[in-house]
Structure formats: structure tokens, C-alpha cells
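Positions are given from 1 along the sequence. All figures in this text were calculated on a predicted structure; none of them were measured in a lab.
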Amino acid sequence: MTPLVPQEAEPTFADFGVHPDIVAALADAGIVHPFPIQSMTLPVALGGHDIIGQAKTGTGKTLGFGVPMIQRVVAPGDQGWGDLVKPGKPQALAVAPTRELAVQVSGDLERAGKQRGVRVLTVYGGRAYEPQVEALKRGVEIVVGTPGRLIDLAKQGHLDLSQARIVVLDEADEMLDLGFLPDVETLMSLTPAGRQTMLFSATMPGAIVALARRYMTQPTHIRAMGDETENAHTVKAIEQFIYRAHSLDKVELLSRVLQARDRGLVLIFTRTKRAAARVTDDLVERGFAAAAIHGDLGQGAREQALRAFRHGNVDVLVATDVAARGIDVENITHVVNYQCPEDEKTYVHRIGRTGRAGNTGIAITLVDWEDMPRWSMIDRQLDLGIPEPVETYSSSEHLYAELDIPTDVSGYLPSAKRTRAGLDAEELEDLGETGRSGGRRGAGGGAGSGAGGRSGGGRSGDRSGGRDGRGRDGERDGRRREGARRDEGYAARGTSATNSGAAGGDAGAGDGSGSGTGAGSDQPRRQRSRRRTRGGEGADASGARERSGSRGARDVGDDSSATASGSRSDVGSDSGRSDAGPGQGGHTDSGEGTAARRPRRRRRRGSNPGDAKPAPTVQPGSAGSGELAISTSS
């Protein structure tokens, strides 16, 4: 008989000297045993040493630095609270690159420090300043935020980081990139010199590690990247499929992927905000409960979409890379790269939204023909072994077989399966947003207008999403109103060039251009934004010149202003011309550029019977002068 070898018990957080209150709070959340990165980090971090931590996506890096932060700060009920130099000032700072990640990290820290009484504040842009300032006045132990708002509050004197003895940079490779580096340096300068600094990310290039050492003291580099039998970059639990797809067939292909058997939540990534909005609209039209999250949305709309995704009211979230870093949502079974990622780091972080915490997942990447060089570079860097993706269409048999898609599905979700509540099921929270209204900007109303964004599973009257922040109809209306205001301003400035008799013609100058309507038409004639002047002429004379050619039957006023207007119409220009002959209305084009910019107008023949004076006639000037003289018969 073979003797039984006792198996070594799996360690718990209590085995690493973690505070009992933290252990109990984690146990209440169902977290008992630490992940490898946490087991390797806790002994070093609890000792106060600097750390560069690197682990694959979804392996628990947040608690790797969160537990030491919560344990090392002094809470209001602790014994040393009265000995603090500035009680209530932040003792720890965690910086994240995106607002969504900052909210998620803050939630994890609040959950772990609930029984210790540690106060955690989330600080990020898009929300009103006042609640954050009031919370800082009441006192907090840990501040989690994004660089921009942290620096703003520090410059205003509300955020005092002189007592922050622990500083964490989450997604450190992104934080130390060129875009964030000046802000990180500013925040570091506000903290004490003897602080503990911890950097964590799934991707940590050598150049970033070298740069990070500038802010650290003898850091310990901890890498928990798995054993030798698996890929050193990606999680083994994620099954990866790479397809070469045509851009015109991608939506059809995607709509079939979304009908795969046993599919849970799906996260779709695009490279641009406009593409995210367009894909979301296309999926909503096909019956899927989809929502978008990207930088053109207001913070309230972004949080509404992510909240609806977490709660299952929408099961498809289309996002830019704003959601690629650190976002942890349960039951994401599929991640789709609708557009090829920019580089290998983006690819790793995108597909890392699935297969988290020991679960399995599927990652699908659709590569356009023009993106093949980019994909070849990603494949080579990550050693995936798929340099030439299979050409795939929505009708390809291997697509249905590999992804377990029923063969009878179409590009539209059947009505019987449209059971999700949609984005409207989530309330659009009023965050007191700064710098942007509600959801989308502009006349389109935004994602936060009315019932809160797209209706019926993620669609609103404004289709644009991220398209310049306003809907198509709203944009046209805005241009129309702007043109009307400009016309009124031009008419007001040109009044001084004519006598009072021309005032009645000013209204006619604003009628439908070339439409042949009478002087009583309500629709203003569209003016040009650029007004040409010659020889130092003022706006008054230029305005009179433009009005002189609007209609021949107009009361021109005194002879001097009429002559000046007519003589300027064609000076020194072969392209300037008169469309009216003797006895016809004196219609002249306003300048050489005007004839090229707009079509020729229909002439109004004859004189206006309502005018007291006969219409002016146009006579050629002296030979070779290129001038025209306008005169009226007595």
C-alpha cells in the first residue's frame, strides 16, 4: 500500500500577516486565497519596499497593492491616529490612466478596507468639484484618481499630498508614457521623498522599467507570468481566433458571432470613437442590446453604459481603448477586436477583459487587408504563431464550426431573443458634469437626453455618438441659425451705404437667393462669410456693392452711392460681368470670386411696379476702362 502524501494547504491572506479586519472583509467578498502575484507581492509590500509588479491580465494585481495600502495607513480608530502630523490628510495615493479604472480600483479598496474603517475617495474629471472638495475637507486616508483632476485639486489647495507615504501607479506603462509623464512628475513632486512607490501592469517594457527607477529606491521587480508551458504574454485560458475579414462584411460577421451558443457578455473594441458609435448603431438596428463607451460621451453616459453592461441590461458593449485597461466585468465570454489593435500591448490588454480570475474566454480579432503589416508585428512580438490569418466571411463554414454558431442564424437577432432591458433600464445619473453636458454634446441632445441615451437597447434620435458630438439634423439646424445671424449682421452693417429708400430693399437682400421670390419673402438670402473689398473700401461701401446686384428693381438711392456701387462691381476684373443690358434690371455680380463660388442667378426682368423711380440702366464706360456706370433716368 502506498502511503498517502499530505498535500500542502493553499495559503490564505492571513498567512501573510494581513490585518484580521482585512482578511474578514475579503472573506465576505468570497476572496480567501491569494493569486500568485499577490502571494509574491504581499511580503515585500507590507515591509514598505518599492515594487515593480508585472502579471498577466485578470490575475489580481489590484489587491496586490491594495491590501498593503489599507494595512499601512492609520485609520481614525487606530492607536496612532492622534500622533499624525495632519490627521485626515491623504496617506496613500493611487493613480490610474482612465476614469473607469479609477472607479474600479476605488471600489476594490473600499471593499477590502470596509471593516478597518479606511476612507477611500475617488477623484476624476467629468464630475462636479464640490463633492470631492467636501470629502477632502472631512478627511480621507486613500485617494484614487486620474492625473488631471488630482493636479487641479492640488493647485487649488484642496488636495494635500505632503502626507502621502504610499504612491501606486496602476497600469504603470501607460502612466509613464509620454502623454502622462509630465503629470506623473508633478504628482510625484508633491509627495514626500521617503515614500513607498509601487508600479503594476501586465506589460512592462524595458524602457518603462528604466524610467520608473527614477522615482523609486532600490525597487524589487516581481514577475508572475506563469510557467514555461504557456505563452509568456497572454493568459492560457483565453482561446484566440484571428480572421482576415473584409470591412464591408464585418458587421454581418459580427452579428453571427453574437449569436453563438452559450455566449455571455461581449466586449467589442474599435480604434476610433466614430467607429464605436457606428458599430453600436448597426448592432442596435439588428436587434442587439448594445451600448457604446468612448471619450466623446459625457461621464454620466459612460458610467450609465458600463453600469448597464455590468447589470446585464445590455450584453454588448462597444468601446475604444478607454475600456481596455483594467476593467473587470464578470461573465465576459467573448472579446472582439473589430479593428486590429495598434500594438502588442493594446492587444494583450484588450483580450485580457475575458478569461479573468480563472475563468475561460474567447478572443476574436478581425484583421483588414491594410492591417496585415500591423498584425504581423503583433504576432511576432507575442509569438502567437498566426502570421497569416484565414480569410473569413460571414458565410464561411469554419467560422460557424470554430465559434459554435448555429448554421441557421441570420444577420438580425430574432424578435423572440430580444429580451434585454436595454440602456434605458439604467438611470442616467446627474454628476454635475463640468465642461460637457450630459451625454453627447451639441444640438443632438446627447446620450443623456430624455430617457438617458439610446432607447430600446441603446438607440436615440441622435445617431452620431462620437461624430463631432452632435447629430446630423442638429448640425444642419445650427448652421442654418448661424447663417441667419450672419445675414442679419451683414444687412445691418450695409445700411449706411444706402439711403432710407434702400432700407426696404435690405429685406429683399435676404430673400431666397435666385429663387425669384418677391421682396416680401420671409426666407433670407444666404450671404457669403468672406466679403471682398478693394482699395481700402469699408464695410459700408462693400455692403452697398453687394446689394446693388441683388435685384434691378430696387430703389438704389442717390446717384453718388449708386455710381460708386456700380463702378466697383467689375473694376480690374474680366470675370466680373453684368447680366443686365440696357432697359433691364441692373443685376451685377458682386465680384470676381462670387461668380465662381455660386451658380448664376435667374434675372428678374422689368421694373418693380411698386417703385416710384424707374429702374437704373447699365451703360459701358470708356473703352478699355473695364468700368460700368449706373444711372437713373429722371
Rounded distance [0.5 Å steps], OG1 in T62 versus CE in M69 = 11.0 Å
Heavy atoms, side chains only, cut-off 4.5 Å: are F269 and V318 in contact?
-> no
Is the shortest heavy-atom distance from the side chain of V168 to the side chain of L93 under 4.5 Å?
-> no
Do R116 and D21 meet the salt-bridge criterion of a basic N to acidic O distance under 4.0 Å?
-> no
Can any side-chain N or O of D379 pair as donor or acceptor with the backbone N or O of I386 at less than 3.5 Å?
-> yes
Would you check if V316 and L283 make a side-chain contact, meaning some heavy-atom pair closer than 4.5 Å?
-> yes
Mind listing the closest non-hydrogen atom pair of A96 and M175 along with its distance?
-> C-SD, 3.7 Å
What's the shortest heavy-atom distance between M372 and P389, and which atoms?
-> CE-CD, 3.5 Å
Just checking, is any N or O donor in the side chain of S247 or D368 under 3.5 Å from an acceptor N or O on the other one?
-> no
Could you walk me through whether L317 and I268 pass side-chain contact (heavy atoms from CB on, under 4.5 Å), step by step?
-> CA-CA 6 Å; L317 184 66; I268 302 171; over 6 Å; no
Please tell me if the side chains of P406 and R261 come closer than 4.5 Å, counting only heavy atoms from C-beta onward.
-> yes
Mind checking whether F16 and V67 have side chains closer than 4.5 Å, heavy atoms only?
-> no
Between E402 and Y400, does any side-chain donor sit less than 3.5 Å from a side-chain acceptor?
-> no
Are the side chain of Q71 and the backbone N or O of H19 linked by a donor-acceptor pair below 3.5 Å?
-> yes
Would you call L121 and I142 a side-chain contact if the rule is heavy atoms closer than 4.5 Å?
-> no
Hey, is the main chain of Q54 close enough, under 3.5 Å, to the side chain of K61 for a donor-acceptor pair?
-> no
Distance (rounded to the nearest 0.5 Å) between S255 OG and Y412 OH | 8.5 Å
Beyond-backbone contact of V329 with N331, side-chain heavy atoms, under 4.5 angstrom | no
Please step through side-chain contact (heavy atoms from CB on, under 4.5 Å) for the pair F241 and V257, ending with a clear verdict.
-> CA-CA 12 Å; F241 297 95; V257 170; over 6 Å; no
Check: R356 and D328 side chains under 4.5 Å, non-hydrogen atoms | yes
If you round to the nearest 0.5 Å, how far is CE of M198 from OG1 of T41?
-> 9.0 Å
Neighbour count above 12 (heavy atom, 6.0 Å) for E397 CD | no
Take H349 and T203 through the side-chain hydrogen bond (donor to acceptor under 3.5 Å, both in side chains) test and state the conclusion after the steps.
-> CA-CA 8 Å; H349 285 280; T203 52; 3.0 Å; yes
Indicate the ring-plane relationship of Y243 and H398, choosing parallel, tilted or perpendicular according to the 30° and 60° boundaries.
-> tilted
Output yes when a side-chain donor or acceptor of R149 lies under 3.5 Å from a complementary backbone atom of R127, and no otherwise.
-> yes
Is a side-chain N or O of Q38 found less than 3.5 angstrom from the main chain of L63, in a donor-acceptor match?
-> no
Step through the shown structure and confirm whether more than 12 heavy atoms of other residues, nucleotides or ligands are within 6.0 Å of CD on E330.
-> no
In Å, rounded to the nearest 0.5 Å, how long is the span from OG1 of T365 to CZ of R350?
-> 8.5 Å
Residues L366, Q339; criterion side-chain contact (heavy atoms from CB on, under 4.5 Å); working and verdict | CA-CA 6 Å; L366 306 180; Q339 295 173 314; over 6 Å; no
Once you round to the nearest 0.5 Å, how far does CG of L253 lie from NE2 of H246?
-> 12.5 Å
With a 4.0 Å cut-off, would you call D281 and R278 a salt bridge?
-> no
Check the pair K345 / E174 against salt bridge (Lys or Arg N to Asp or Glu O under 4.0 Å), numbers first and verdict last.
-> CA-CA 10 Å; K345 293 193 304 179; E174 183 81 3; 5.6 Å; no
Go through the steps to decide whether D170 and V95 satisfy the test side-chain contact (heavy atoms from CB on, under 4.5 Å), and finish with yes or no.
-> CA-CA 6 Å; D170 197 10; V95 188; over 6 Å; no
May I ask you to decide whether R256 forms a salt bridge with E252, counting only side-chain N to carboxylate O separations under 4.0 Å?
-> yes
Paired with E426, the salt bridge (charged side-chain N to carboxylate O under 4.0 Å, His left out) test is passed by just one of R302, R310, R307, namely R307
In sequence, state the C-alpha distance, the side-chain angles, and the governing distance for R271 and D371, and then conclude on salt bridge (Lys or Arg N to Asp or Glu O under 4.0 Å).
-> CA-CA 12 Å; R271 281 207 303 262; D371 287 332; 3.6 Å; yes
Is there a donor-acceptor pair closer than 3.5 Å between any side-chain N or O of Q381 and the backbone N or O of I378?
-> no
Walk me through it: do R420 and N313 pass the test side-chain hydrogen bond (donor to acceptor under 3.5 Å, both in side chains)?
-> CA-CA 5 Å; R420 302 279 178 172; N313 291 319; over 6 Å; no
Donor-acceptor pair between H334 and T354 side chains, under 3.5 angstrom = no
Short side-chain to backbone donor-acceptor contact, S106 and A102, under 3.5 Å | no
Looking only at heavy atoms, which two atoms of V390 and T392 are closest? And how far apart?
-> O-OG1, 3.0 Å
Derivation of the salt bridge (Lys or Arg N to Asp or Glu O under 4.0 Å) call for R244 and E391 = CA-CA 5 Å; R244 187 187 302 184; E391 187 172 340; 5.2 Å; no
State whether the side chain of T98 and the backbone N or O of L101 hold a donor-acceptor pair below 3.5 Å, judged by distance alone.
-> yes
Give a yes or no answer on whether the side chain of T333 reaches the backbone of G264 with a donor-acceptor pair at less than 3.5 Å.
-> yes
Where do K56 and A202 come nearest, in terms of heavy atoms and distance?
-> C-CB, 4.3 Å
Report yes or no: does E239 contribute a side-chain atom to a donor-acceptor pair with the main-chain N or O of A363 at less than 3.5 Å?
-> no
Heavy atoms of A260 and I405 approach each other most closely as CB-CG1, 4.0 Å
For V336 against L254, the heavy-atom pair lying closest together | CG1-CD1, 4.0 Å
With a 3.5 Å cut-off and no angle check, do the side chains of Y347 and Q240 form a donor-acceptor pair?
-> yes
Is it true that D315 and R263 have a side-chain N and a carboxylate O under 4.0 angstrom from each other?
-> yes
Tell me yes or no: between the side chains of T346 and D343, is some donor less than 3.5 Å from an acceptor?
-> yes
Under 4.0 Å between a Lys/Arg side-chain N and an Asp/Glu carboxylate O for E303 and R99?
-> no
Starting at CG of L169, measure out to CZ of F180 and round the result to the nearest 0.5 Å.
-> 11.0 Å
